[in-house]
Engineer: 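Dropping a structure here in structure tokens format, bear with me for questions.
Here the structure is a predicted model, which means the values were calculated and not measured. Below, chains carry the letters A, B, ... as their sequence lines are ordered, and counting in each starts from 1.
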2 protein chains.
Amino acid sequence: MTKKNSEKEVLAAFKKVGARVETKARAKLKNKKDFALFYTPGVGVMAKHLAAKPEEARMYSVKKNSVAVISDGSAVLGLGNIGPYGALPVMEGKALIFKELAGIDAWPIVLNISEKESEERIDRIVETVLAIAPGWGGINLEDIKAPECFEIERRIVEALNIPVMHDDQHGTAIVVLAGLMNAAKVVKKNFKKLRVVIAGAGAAGVAIAKLLASASITDIIVTDTQGIINHGRGGLSSVKKDLAELTNPRAVSGDLMDALIDADVFVGVSGPGTLTKDHIKVMAQKAIVFALANPVPEIMPDEALAAGAAVVATGRSDFPNQLNNSLAFPGVFRGALDKGIHKITNETKLRAAKAIAGLVTHPTAQKIVPDNLDKRVVPAVAKAVR
Amino acid sequence: MTKKNSEKEVLAAFKKVGARVETKARAKLKNKKDFALFYTPGVGVMAKHLAAKPEEARMYSVKKNSVAVISDGSAVLGLGNIGPYGALPVMEGKALIFKELAGIDAWPIVLNISEKESEERIDRIVETVLAIAPGWGGINLEDIKAPECFEIERRIVEALNIPVMHDDQHGTAIVVLAGLMNAAKVVKKNFKKLRVVIAGAGAAGVAIAKLLASASITDIIVTDTQGIINHGRGGLSSVKKDLAELTNPRAVSGDLMDALIDADVFVGVSGPGTLTKDHIKVMAQKAIVFALANPVPEIMPDEALAAGAAVVATGRSDFPNQLNNSLAFPGVFRGALDKGIHKITNETKLRAAKAIAGLVTHPTAQKIVPDNLDKRVVPAVAKAVR
């Protein structure tokens, strides 16, 4: 449990530190000899070599261990489309986590993309990321709004041969899957037979639905602001049409309350107030509630527990069971960089989730995932990546 | 004097160090309290704040002290258009120098720009740099070929309110001006009355001509592969038309030999073999020869001296008088970042050159500029920037 810092305290702390990451020399530059080797004329030899053999950049340059943390600021935390400057502190924070938890040299890149129209915006973001890609070992996309994020990620993954991951989608999905594996143990239910309701069909909701489905959970319902997503609904986007295909095998229709009848699991990636005590009361016995909206969850943990939930998790550090992406992305990229992996596959994500869950040998209602700062997490996830 | 490393030695050294720069945490992340402050939920406060007040990014983020070192690899060292992977080691080397000499957090960004047609290429490079600009405190453009580099720099400088400098142009010009100020003292000639011939009308040649002219040298002739640039020549590009306007007051025509008759100074930013002993013999007494093509200069220093040159400088670390940009760019950006300067003006460059020259109190033929690693250089240049 952690006391929440006041706005004033946060600003003062950030101002004092100035930047949360900096660069550091790895090569010395003490005398003319160093200068001649690591700068001119030595660098000319290296330049010529990599021009001829670009695939060796990973052996001889920052490409070996670097990740660009890239956002256009269109969907930052729960704050929405607040632009590149709003996104900068978040991306910088991820760069800090990359270094501290996984020894990865990450740097925040926030994009000023003026195009408003969706297709143009997608093109511009993809073009920009592809243009700056050569020097990086990996790319972590972040806080890019749905549905644009899906096509943006797909096109970038397709075009590049370095690991690329939109963390709002897959980092979240990995951690939710890990948490759910252990939560199922706590409530002694068969994981594959869990009835899951996901509230929110944005980046996270879509990726969670897909990953849980690929982990053999068959009864998944996704809801958005219009209610349950199913084939009967008109005007579905192509992403939601795919979701309707993948989920809702019992063809349930209606609103969140209808979806939750006898559900074992609620996963909220929507917003504050989505879930009430009444919702939980229609769920199955020993309900699992992941209320992941941040900083204000769909329901506060004490309320959820009072309404009968057996396991409650949030995205916050001041309650038990913090499901934060930092359990996943540092280890996923550590593993991918170490093993020279070009694509982060579905298999990668499943294995990463199992590795995270596996670190809690005796899960309890208060402890379904390891602590974010648990030193075992990154090596375990990295090892699982292959 | 430094022994030149063999190709094998260079590759082995680069492989051993892996990358010449890395990142380093400035904020600690040891426990849940740190995590809550510097990541979530604290970072949300910071994100909201900077979304509302983007101009404060310099107080609270990496923007305070960061410089992107950006190249498309179209004119790397003397190697030409070798692409982004060829450029990467050079940009990374500059990032190392930025940190070691000036404490600046710089990172290499190499661009994969597929457009070949000049105007499209310019647009794409400008768009990409503007798109990724928000998080950086400054932008060092590097190794972008002429004439595209002129428009690229102009448009980026115009669009952004952070210091932007194409170092091949202005870093080189600053260092040449500094060297020339002291070389004039060595040969006891009036600086403003020097007759200067610049061989090469690329990025460096154009910028040198402009900066020397603004330092009140009136008799400058620029030559390219077609000979002397003057109004009489047909088919001049707009950049060269401007040069014809600015230079060559005596309306000299012909080739380099014609230009050099009675010249006091030769500045070579062209290629090996441009200058011969015969060329130097037609120059004025006590000729100054800056043979800056790298790694192989226009003429080797011993030859130039044998032909009668009084002061010889090159870009190499294994001869006296190394005119390397690293005398200029670290201090220029240090000063600009420290003082929150939005544009690097002509006045900035003149003052930087004077500061560099001023560090050699008693210039000699063997010592017209301070050593690249002289600790006094960056503070002196930074102080001069305002």
Engineer: Heavy-atom distance under 4.5 Å to chain B: side chain of A/I97, backbone, both or neither?
Structural biologist: both
Engineer: Given that the side chain runs from C-beta out, which part of A/R58 has a heavy atom under 4.5 Å from chain B: side chain, backbone, both or neither?
Structural biologist: neither
Engineer: Sort A/K94 into side chain, backbone, both or neither according to what part of it lies under 4.5 angstrom from a heavy atom of chain B.
Structural biologist: both
Engineer: Between B/A106 and chain A, which part of the residue has a heavy atom less than 4.5 Å away: side chain, backbone, both or neither?
Structural biologist: backbone
Engineer: So for A/A131, is it side chain, backbone, both, or neither that comes closer than 4.5 Å to the heavy atoms of chain B?
Structural biologist: both
Engineer: Of the backbone (N, CA, C, O) and the side chain (C-beta and beyond), which part of A/E22 lies under 4.5 Å from a heavy atom of chain B, both, or neither?
Structural biologist: both
Engineer: Is B/K16 close to chain A through its backbone or its side chain, or both, or neither, when contacts mean heavy atoms under 4.5 Å?
Structural biologist: neither
Engineer: Against chain A, label B/D34 side chain, backbone, both or neither, depending on which of its atoms sit under 4.5 Å from a heavy atom there.
Structural biologist: neither
Engineer: With respect to chain B, which residue among A/A68, A/G18, A/A25 yields the maximal number of heavy-atom pairs within a distance under 4.5 Å?
Structural biologist: A/G18
Engineer: With a 4.5 angstrom heavy-atom cut-off, which part of B/D371 approaches chain A: side chain, backbone, both or neither?
Structural biologist: side chain
Engineer: Does any backbone or side-chain atom of B/K64 lie under 4.5 Å from a heavy atom of chain A? Answer side chain, backbone, both or neither.
Structural biologist: side chain
Engineer: By a 4.5 Å heavy-atom criterion (distance strictly below it), what part of A/I109 contacts chain B: side chain, backbone, both, or neither?
Structural biologist: side chain
